[in-house]
Every structure is written in C-alpha cells, then in structure tokens.
Amino acid sequence: MTWQLKPARDLGLPAQERLRSHGREAGLGSVVVHGAWRALVRAHLALLHRYEVTGQENLPEPPFVMVANHSSHLDALCLGAALHGPAARHAHALAAGDTFFTSGATSLFAAYALNALPVWRKRTRAKELETLRTRLIEDELVYILFPEGTRSRDGSMGAFQPGLGAFVAGSAVPVVPCHLQGAFAAWPATRSWPRPGKLRLRIGAPLSFAETAQDRAGWVEVAARCEAEVRALGGKAA
Amino acid sequence: MTVPWRAFEHPVTVGILAATLGVLLLAAAVIGVLSVTGRGTPAFRRELWLRLGSWAVLLPMIIIPILLGREWTIAAVTLLGLACLREYDRATGLFREYLLTAVVAIGILAANFAALDHWYHLFVALWPLTVGVISVATIPQDKPAGYIQRTALATSAYMLFGAGLAHLGFMANDPLARPLLLLLVLAVGLNDVAAFTTGKLFGKRKLLPATSPNKTIAGALGALICTTALVAFVGNRVFVGTPMENWFLLILFGALVSIAGQFGDLMLSSIKRDLAIKDMGTIIPGHGGVLDRFNSLLLVAPATFHLLHYVIGIGDGQPVRVITGP
C-alpha cells in the first residue's frame with residue numbers, strides 16, 4: 001500500500017500571496033463560505049431575476065470549462081449558480097486580476113466568496129497558463145471563463161480571444177458553451193448595482209478539442225468554434 | 001468571570017510574569033546592543049528582531065487568556081486546536097476530505113466543550129466516540145480507496161489537536177490553573193532554548209539525524225536537566241500543601257514535561273520530513289506556523305494532566321457540569 005500525502009499546492013505562501021495564487025486550494029472554511037455565497041446568489045437570482053436555466057443535462061462530470069458571452073458582473077454568478085455538487089465546489093471563475101485582486105479586501109471576497117482565480121490582462125505568463133491547465137486536469141476543476149476578455153459595453157458579443165485554447169487544446173477536457181440573456185439589461189458595466197430583470201442561461205452540448213493542436217493555430221480554432229457555438233445558442237435563445 | 005485581582009493572587013503567577021517580562025526586555029537589550037555595535041550580519045539581526053517581535057505578540061496572546069480565567073483559557077485552547085488542525089490538514093492533504101475535516105473540527109469543539117462544562121466523564125467518553133465517528137464517517141461515500149490513509153490522518157489530528165490539547169483547557173478548571181498553565185508554557189519554551197543552547201555548547205553526536213539534523217544528544221540531555229530542575233523548583237511552590245509537594249513526584253513531573261516536549265518537537269519534525277516541507281505555515285514571522293511553535297505542548301498537555309490528575313485530582317472540589325448540569 002502506498003500512501004499519497006499531497007500537501008496543498010499553496011502551502012507555505014503568505015496569506016496575501018495565497019489569495020492571488022493559481023495554486024490556491026479550498027479547504028473546509030472556503031467551501032462553507034463559498035457554499036453560503038452560492039445560496040445567497042441563487043436566492044437573489046430567483047427573486048430578482050426569475051433566473052431560468054435550460055440544457056443542464058449537457059453538463060459533464062468535472063473537469064470542464066464553461067464559456068459564455070460577457071456583458072455583466074452577473075455572468076459569472078449565473079454560470080456558477082447553474083452548477084451543483086462537486087462541480088459547484090470545484091468551480092473557479094477566472095476573474096480579471098486588476099479588478100478583483102487589487103486590495104486585501106477584494107482579494108478576500110474574490111477568493112472566498114467567488115472562488116475566483118486571477119487572470120492578469122496581457123500579463124498572464126505561459127507558466128501561469130500551464131499551472132491553470134495542469135490543475136484543471138489533475139484537480140478535476142471547472143473553470144468559468146469569458147473569452148471576450150472584458151464586459152461588452154453595448155450588450156453585443158465580441159470576438160473570443162484565443163487564450164482559451166491553452167486550457168483545452170489537445171486535452172480530453174471539454175468546453176461547455178453557454179449563452180446568457182438579460183444580464184446586460186439588468187447590470188451593465190455603466191451601473192453600480194443590478195436592477196430586476198429576467199435572466200436566461202442556455203447550456204449547449206460539450207465540445208471536445210482532444211485532436212486540436214496545442215499551438216497558436218489550434219488556440220484560434222478553439223476560440224472560433226466556441227464563439228460560433230455561443231452565438232448559435234444566443235440565436236436559438238432569441 | 002474572575003475578579004481581576006484574583007488573577008495575580010498566587011505568587012508563582014506574579015513571579016512567572018515578572019520573569020517573562022524580564023527575559024523579553026533582556027533579549028531586546030541584547031539585540032539592541034548587537035544592532036548598535038554592528039555585531040552579526042544584518043540578516044541575522046533582522047531575524048532576531050523578527051523572532052522577538054513575534055514573541056512580543058504571542059506571549060500576551062498566551063498569557064492574557066490564562067490570567068482572565070478558565071472560559072478564556074478554554075476558548076484560546078480551542079482556537080489553538082483549530083489552527084493546528086488547519087495547518088496539519090493542508091500539509092498532509094487531509095483538507096481535501098471536507099467531511100472528515102468537519103468531523104475532526106466538531107470533535108475539537110466537543111472536547112473543549114466538555115472541558116468548559118467541567119464534565120470529565122464526557123471529556124473521556126468523547127475520545128473513543130469521536131474516533132468511532134471518524135472511522136465510519138466516509139463509509140457511506142462508498143469510496144474504499146484511500147480509506148486507511150484518510151481515517152488515520154483524521155484520527156491522529158483529532159487525538160493530537162482535540163483530545164490531547166483540550167487537556168490544557170481542562171486544567172483551567174483547577175484552582176491552581178494560572179500558575180500551573182503558565183509554568184507549563186514557560187517550561188516548554190525553556191525546554192527548546194535549553195536544548196538549542198546546550199546543543200550549541202556541548203553537542204557533538206546527533207540525536208536523530210534523519211529526523212532533525214540540528215538536534216544533538218547533549219542538547220536533549222541539557223534540556224532534560226534544565227527543564228526538570230526548573231519545573232521541580234517552581235512546582236514545589238505551586239503545589240504547596242498537596243500530595244505533589246514531594247521531590248520525587250516533582251522531578252518526575254519536570255522530566256515528563258521535558259521528555260514529552262522533546263517528543264512533540266520530534267514528532268512534528270518527523271511529519272515535516274515525511275512531507276518534505278520546512279515549516280507547517282507562515283503565520284508567525286520568524287517561527288513558521290502555529291504547529292512549529294506549539295508542537296511541544298501537544299504531548300505535554302495530556303501527559304502532565306494525567307500525572308497531576310492521578311496525584312492531586314485536577315479540578316476536584318470545583319463545580320462540575322456547569323453548563324449541562326441541573
């Protein structure tokens with residue numbers, strides 16, 4: 001019998017550094033806080049937004065990556081609220097580091113409530129992408145990702161950035177395309193707080209990129225296919 | 001809640017507080033002289049200031065709850081147990097087993113509740129019962145792979161940080177709690193210093209080089225002699241008028257503090273070597289984690305409790321089941 005003692009990936013990091021680390025692993029405390037936050041978010045979405053999810057049967061067992069159109073801070077909350085069980089506990093929203101991880105308080109909120117991992121716009125290094133890819137597979141995680149890179153300022157969907165391909169090209173990890181409708185009207189980037197309004201999430205069938213090359217051309221292919229699927233889901237929703 | 005001045009009514013309490021303050025001031029003066037005269041490397045001096053600063057924060061966090069009384073002492077021991085669990089579960093990987101971590105955390109709270117209630121029968125009954133719950137908790141998951149490992153890790157975590165450490169809190173039910181607990185905390189601190197100092201001065205042969213390469217046989221014996229002498233000497237003033245006022249028992253008590261303290265230290269070294277990590281955490285600058293600082297108390301607490309309980313009866317004559325009683 002071989003014992004497999006596997007210390008936390010973030011062991012030995014000072015508190016502040018740990019919050020921003022891509023190796024941050026949730027313990028019991030984080031899981032309890034994150035679970036309480038998810039319950040609050042679900043109540044908010046049900047009461048103020050009559051939140052509706054279709055296609056939940058398309059969600060595979062972790063690991064997988066969820067991608068969607070991005071026009072609001074509600075987006076990550078909606079996608080997270082559509083997950084249940086181990087997938088919900090192992091879901092990390094990949095959030096803009098320069099918005100969510102700038103101070104101690106926002107980092108605490110992003111890490112414990114949102115269970116977010118930071119992505120630094122135009123500053124994310126290849127090694128960090130590799131760490132995220134490794135963790136996705138080894139730790140059987142779920143990443144919630146918005147490949148447009150930023151919230152749409154007019155509600156229309158922008159082009160997907162190819163960075164998404166780094167996580168899934170050449171691996172068995174599927175991408176689940178999603179389309180969220182109503183988030184821009186409820187909470188656009190120009191508003192400080194959300195207002196009531198119907199939200200609809202449509203979850204599409206998972207896409208596999210196991211045969212796609214892990215290079216720049218492969219990444220572009222991943223982004224293009226995912227973008228087309230999300231647009232198609234948006235078309236169906238309309 | 002205790003009347004404030006009663007905290008200082010035992011002369012040993014005042015003596016230990018004065019000695020602790022004196023040692024801190026002396027250390028500050030020595031490091032200050034080193035800094036002014038420029039002796040030692042800047043990195044070494046910085047390390048010394050860091051360690052002293054940590055002690056200046058840690059000591060009030062240890063001493064003030066003891067002075068405030070049993071409720072505060074038990075609350076502090078509970079927090080210490082939970083902090084130790086967090087470091088241990090993250091280092092060993094047990095933290096990925098949410099259910100077992102929750103059972104151990106509840107077990108720690110329950111053991112300390114029994115101490116707070118001053119209900120010895122519950123306190124003792126909780127040890128096998130909690131281990132039983134740990135043993136069956138993950139069976140319904142139908143995941144036999146890794147069962148022995150996770151159950152063993154959780155059991156040792158509970159026995160060390162719950163059942164073991166809660167003995168410190170249970171001691172707070174005794175009228176002699178303040179001088180006794182201060183003596184134990186002071187003694188395990190001195191035990192480390194004595195082992196380090198005598199090891200540096202006389203140490204040649206390594207004690208257990210694969211486990212802890214810096215420890216020497218001379219250091220271990222030096223700590224045993226110094227700590228036993230101090231505990232026996234101070235204990236003679238703590239246990240006046242009790243069956244413990246006996247030099248044989250006092251020397252046994254002192255030796256137990258030193259030996260259990262050193263084994264606690266070596267136990268943590270073994271865990272860290274097995275995991276190939278240097279420190280269990282980073283929360284205490286200059287020391288590492290909470291476990292790196294408090295490892296010696298883990299075995300000292302139950303070992304000394306049961307000697308004293310056998311000889312003088314810890315908490316005898318005090319109100320029992322103060323929360324659950326009629």
Side-chain angles (χ1 to χ4, degrees), chain A residues 1-39 61-63 83-92 104 107-108 111-113 115 117 131 134-142, chain B residues 50 79 82-109 137 141 143-154 156-157 161 270-292:
Chain A
M1 179 180 65
T2 306
W3 285 40
Q4 293 178 331
L5 297 165
K6 219 173 99 183
R9 291 176 187 271
D10 52 15
L11 193 75
L13 291 180
Q16 179 74 13
E17 212 176 302
R18 179 179 169 260
L19 293 178
R20 296 175 174 203
S21 164
H22 288 140
R24 193 187 72 243
E25 286 194 80
L28 181 63
S30 309
V31 167
V32 169
V33 173
H34 184 50
W37 170 257
R38 276 203 323 275
E61 290 292 308
L83 299 171
H84 295 276
R89 286 194 291 276
H90 292 112
H92 291 278
S107 301
L108 261 180
Y112 278 90
N115 206 18
L117 293 173
T131 303
T134 305
R135 282 205 64 195
L136 176 64
I137 299 164
E138 286 182 2
D139 297 350
E140 299 186 336
L141 301 181
V142 175
Chain B
L50 203 62
L79 288 177
L82 292 173
C84 289
L85 168 64
R86 185 177 184 275
E87 285 186 355
Y88 174 88
D89 70 25
R90 294 198 75 80
T92 57
L94 178 66
F95 76 102
R96 295 186 186 92
E97 300 286 342
Y98 302 137
L99 179 62
L100 276 184
T101 311
V103 172
V104 176
I106 292 167
I108 291 173
L109 293 175
Q141 293 176 345
K143 197 179 72 175
Y147 171 83
I148 298 174
Q149 174 173 318
R150 62 178 179 262
T151 305
L153 285 173
S156 60
F161 317 131
S270 302
I271 291 172
K272 290 192 289 191
R273 286 274 147 186
D274 198 13
L275 292 165
I277 57 174
K278 183 177 174 292
D279 291 321
M280 297 295 284
T282 56
I283 199 166
I284 309 175
H287 295 266
V290 174
L291 265 173
D292 293 295

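A note on names: the letters A, B, ... follow the listed sequences, proteins ahead of strands, and every chain is numbered from 1. Just so you know, these numbers come straight off a predicted model, no measurement behind them. Both backbone and side-chain heavy atoms feed into the values below; hydrogens, waters and symmetry mates do not.
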Checklist line | Atom group of B/Asp274 that falls short of 4.5 Å from chain A, counting heavy atoms | finding: side chain

Item checked: Whether over 12 other heavy atoms sit under 6.0 Å from B/Ile283 CD1 -> no

Notebook entry, point to check: So which part of B/Leu99 gets closer than 4.5 Å to some heavy atom of chain A, the side chain, the backbone, both or neither?
Noted result: neither

Next item on the list: Using non-hydrogen atoms and a 4.5 Å limit, figure out which bit of A/Leu28 sits close to chain B: side chain, backbone, both or neither.
Entry: both

Notebook entry, point to check: Any Lys/Arg nitrogen of B/Arg96 or A/Glu25 sitting under 4.0 Å from an Asp/Glu carboxylate oxygen of the other?
Noted result: yes

Notebook entry, point to check: Do you know which two heavy atoms are closest between B/Leu275 and A/Pro7, and how far apart they sit?
Noted result: CD2-CG, 4.3 Å

Next item on the list: Check whether any side-chain N or O of B/Arg86 sits under 3.5 Å from a backbone N or O of A/Gly29 as a donor-acceptor pair, and report yes or no.
Entry: no

Notebook entry, point to check: Roughly how far, to the nearest 0.5 Å, is the CD1 atom of B/Ile277 from the CG atom of A/Leu11?
Noted result: 5.0 Å

Next item on the list: Please name the pair of heavy atoms, one in A/Leu5 and one in B/Leu153, separated by the smallest distance, quoted to 0.1 Å.
Entry: CD2-CD1, 4.0 Å

Margin query: Quick check on A/Gln16: does its CD atom have over 12 non-hydrogen neighbours (other residues, nucleotides or ligands) under 6.0 Å away?
Written below: yes

Next item on the list: Taking ring pair (Phe, Tyr, Trp, His ring centres under 6.0 Å) as the test, write out the residues that go with B/Phe95, two or more places apart.
Entry: none

